[in-house]
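First up is the structure itself, then whatever we jot down about it.
First the proteins, then the strands, lettered A, B, ... as listed; each starts at 1. Predicted model, so just to flag it, every value in this text is computed and none were measured.
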There are 2 protein chains.
Amino acid sequence: MSNQEALNQYDSNLFRTPDGYTSDIAVFTITSHQLAEFTPPKMTLKLMLIKRALMNAEGQTNIESGKWALPGGFVQDDESGYEAAERELVEETGVKGLHIKHFSVYDKPGRDPRGWIITNAHYAIVPEHTLSKRNASDDAAEVALFSIDEVLKLDLAFDHRDIIKDAIHKITNDLLQTTVAQNFLPKHFTYSELQALLLTVTKDSSISSDQSFARKIKTLPFIQAVAGSKTQRTSKSPAQLYEFIDVDVVKPIYTARY
Amino acid sequence: MSNQEALNQYDSNLFRTPDGYTSDIAVFTITSHQLAEFTPPKMTLKLMLIKRALMNAEGQTNIESGKWALPGGFVQDDESGYEAAERELVEETGVKGLHIKHFSVYDKPGRDPRGWIITNAHYAIVPEHTLSKRNASDDAAEVALFSIDEVLKLDLAFDHRDIIKDAIHKITNDLLQTTVAQNFLPKHFTYSELQALLLTVTKDSSISSDQSFARKIKTLPFIQAVAGSKTQRTSKSPAQLYEFIDVDVVKPIYTARY
DNA sequence: AGAATAGTGTCTATAAGACAGTATAGT
DNA sequence: ACTATACTGTCTTATAGACACTATTCT
């Protein structure tokens, strides 16, 4: 019997179908305060949220309006959840993500009062300068950045508190265990810039000590010096620039070596 | 305006809704060949697949019948994808998973000929002995274990080749970077049992060398010796038993320490 | 005794991390 | 000259990994 015949017999009403399929995005950025010229930046990890508008684009009252929420929305025809995340990010915040990664699914019946609505949670990494042109639009009354400490004190829509907690945990681990850090940095960066970035998620002494870290960066197998390339943007004394080389880094917990 | 009013105005037909929501499970087990008494086991990582039956439980011709596939099925009323994975695993294979973890979503339109069907991919870890009572049922004509090398040569249903590739990559990393290995082992295990397990996914010399690994296991912060507890199941000479202690292990790629 | 696994003693090379010092350049 | 950052010299200690050796216990 052919696959076609089987298809004809298939009745999609046999099983409950979801009432909606959405994608949400936890947009992280590092705000970089350069206190003065010739100093390394002070960095803070921040999450972008939108304040849900009273009315939606179609002029109807919006659900969970007035609360802070992750940007996101319904997956549309012929889109995957990932593609929807890319599109929504641009639509709702005017921002193009550098690095978008799916990290979990929230599908518990009851999580959305409108019905059985499944959401794909993604996190995105966005360089701060692209955020400067962020603007509210459509469903969003307001767009703002919150530090990790602030964000969990807000009045959050749906189950976004859970999603945000998971996103923070995930990006913290990924920053330390993978090379995603490169997406927060310019292509060429100094050791003190990478260091400032990592210090937003760890206090490990071998990272917080300038001397240790300046030495360490030269031995990391996934980072190389850019020959003859220096910058003075972090100090009067010209500093060596580095770049990531793309290798799949897996550091087993059972061994010491890379 | 209240949330209730907003809800009344919400029209679920505004957006395309999926035609189905499923959960698939990549069931991994380690088959342990004890060649003789008093020897450490030789272990192989295997994946359990089912051969799709010609007819489904309702007596209709099954889609993609005759091909090998991951066990899985539709998420039912008031279930989350995770709960469905747990249920399907028992239903289709008679096996209760020790450790089930969601790792990705496959939602590309066109991945399933029956319509826009979204699947949650999970991987599960199952001890070999519970698999002995595995049985085909409902949608499954046959259940079998395949080694990682064999499995990608099979004729696989839907986009299960992609899912399986991702699952193998994920579990390989997780075995080395997290403590999930404990789910493949008895609560108390010897260094040579853990070693045999890790050697299914790595060839690192510090793990493959008996002496190095026997020393290393005593220094790992997430493993402790079980005082006064020894076994002879791997050698005539009684071997110390160890157990995992549950700590959140994050090993940054930028540092050497735990 | 022999065989096989479980471990320990000890050495060498490398790396980690701390402390101190030098180098660079703008003000 | 002063200051802040970017390094480097050097020492101490810890760890990795190799080699050789001992220990245990069943056959």
Side-chain angles (χ1 to χ4, degrees), chain A residues 32-43 188-196 198-199 202-221 223 225-242 251-258, chain B residues 32-43 188-196 198-199 202-221 223 225-242 251-258:
Chain A
S32 187
H33 321 273
Q34 187 136 26
L35 299 170
E37 264 194 316
F38 305 114
T39 57
K42 306 292 174 215
M43 295 187 179
H188 294 168
F189 51 90
T190 67
Y191 84 90
S192 61
E193 288 168 336
L194 175 58
Q195 181 190 24
L198 296 176
L199 287 177
T202 187
K203 280 159 179 52
D204 189 292
S205 73
S206 73
I207 287 174
S208 63
S209 155
D210 292 348
Q211 299 99 316
S212 285
F213 198 69
R215 270 220 178 77
K216 175 106 51 191
I217 197 171
K218 292 190 291 190
T219 72
L220 296 174
I223 289 180
V226 183
S229 199
K230 302 215 170 198
T231 184
Q232 280 183 285
R233 66 174 176 256
T234 60
S235 83
K236 293 160 186 169
S237 177
Q240 177 63 50
L241 286 167
Y242 295 88
K251 188 156 180 177
I253 58 176
Y254 300 98
T255 76
R257 301 189 305 190
Y258 291 106
Chain B
S32 187
H33 321 273
Q34 186 136 26
L35 299 170
E37 264 194 316
F38 305 115
T39 57
K42 307 292 173 212
M43 295 187 180
H188 294 167
F189 52 89
T190 68
Y191 84 90
S192 62
E193 288 169 335
L194 175 57
Q195 182 190 22
L198 296 176
L199 286 177
T202 188
K203 279 157 182 54
D204 190 293
S205 72
S206 72
I207 287 174
S208 63
S209 156
D210 292 347
Q211 300 97 316
S212 285
F213 197 70
R215 271 221 178 75
K216 175 107 52 190
I217 198 172
K218 293 190 289 191
T219 72
L220 296 173
I223 289 180
V226 184
S229 200
K230 303 216 171 197
T231 183
Q232 280 181 284
R233 65 174 176 256
T234 61
S235 84
K236 293 162 185 167
S237 176
Q240 177 63 51
L241 286 168
Y242 295 89
K251 188 156 177 176
I253 58 177
Y254 300 98
T255 74
R257 301 189 302 190
Y258 292 104

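OP1 and OP2 of dT24(D) both lie 4.0 Å or more from every side-chain N or O belonging to Ser235(B). Lys216(A) has a side-chain polar atom (N or O) that falls below the 4.0 Å cut-off from OP1 or OP2 of dG17(C). Of the side-chain N and O atoms in Tyr191(A), one or more sit less than 4.0 angstrom from OP1 or OP2 of dA6(D). Between Ser192(B) and dT5(C) there is no side-chain polar atom (N or O) within less than 4.0 angstrom of OP1 or OP2. The side chain of Lys218(A) contributes an N or O atom lying less than 4.0 Å from OP1 or OP2 of dT8(D).
Atom NZ in Lys203(A) sits roughly 20 Å away from atom C1' in dG17(C) (whole-Å rounding). Atom CD of Gln195(A) is separated from atom C1' of dT5(D) by 11 Å (rounded to the nearest Å). Distance CG (Asp204(A)) to C1' (dA18(C)): 14 Å, rounded to an integer number of Å. Between the P atom of dA6(D) and the CD1 atom of Ile217(A) lies a distance of 11 Å, rounded to the nearest Å. To the nearest angstrom, P of dA4(C) lies 11 Å from NZ of Lys42(B). Distance, Tyr254(B) OH to dA16(C) P: 16 Å, rounded to whole Å. Taking atom CG on Leu220(B) and atom P on dT15(D), their separation rounds to 12 Å, with Å as the unit. In this entry the distance linking CG of Asp210(B) with P of dA18(D) reads 12 Å, nearest Å.
Using modelled atom types, one side-chain atom of Thr219(A) and one backbone atom of Lys216(A) make a donor-acceptor pair closer than 3.5 Å. Lys218(A) contributes no side-chain N or O that, together with a main-chain N or O of Ala225(A), makes up a donor-acceptor pair within less than 3.5 Å.
The only member of Leu198(A), Thr231(A), Thr234(A) that meets side chain to side chain contact (heavy atoms under 4.5 Å, CB included) when paired with Glu193(A) is Thr234(A).
Qualifying side chain to side chain donor-acceptor pair (under 3.5 Å) partners for Ser192(B), counting only residues two or more places apart in sequence or in other chains: Thr190(B). Listed by chain and residue number, nothing satisfies the side chain to side chain donor-acceptor pair (under 3.5 Å) test with Gln240(B) (two or more places apart in sequence, or in another chain).
Counting non-hydrogen atoms under 4.0 angstrom, Ala239(A) reaches the backbone sugars and phosphates but no base.
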When you check every protein heavy atom under 4.0 Å of nucleotides 20-27 of chain C, what one-letter string (B, S, -) results, 5' to 3'?
B---BSB-
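Toward the 5' end of DNA chain C, the nearer of the two residues Arg215(A) and Tyr242(B), judged by each one's closest nucleotide, is Tyr242(B).
At least one side-chain heavy atom of Leu194(A) sits under 4.5 Å from a side-chain heavy atom of Ile223(A).
Among all heavy-atom pairs drawn from Asp204(B) and Thr202(B), the shortest one is N-OG1, 3.3 Å.
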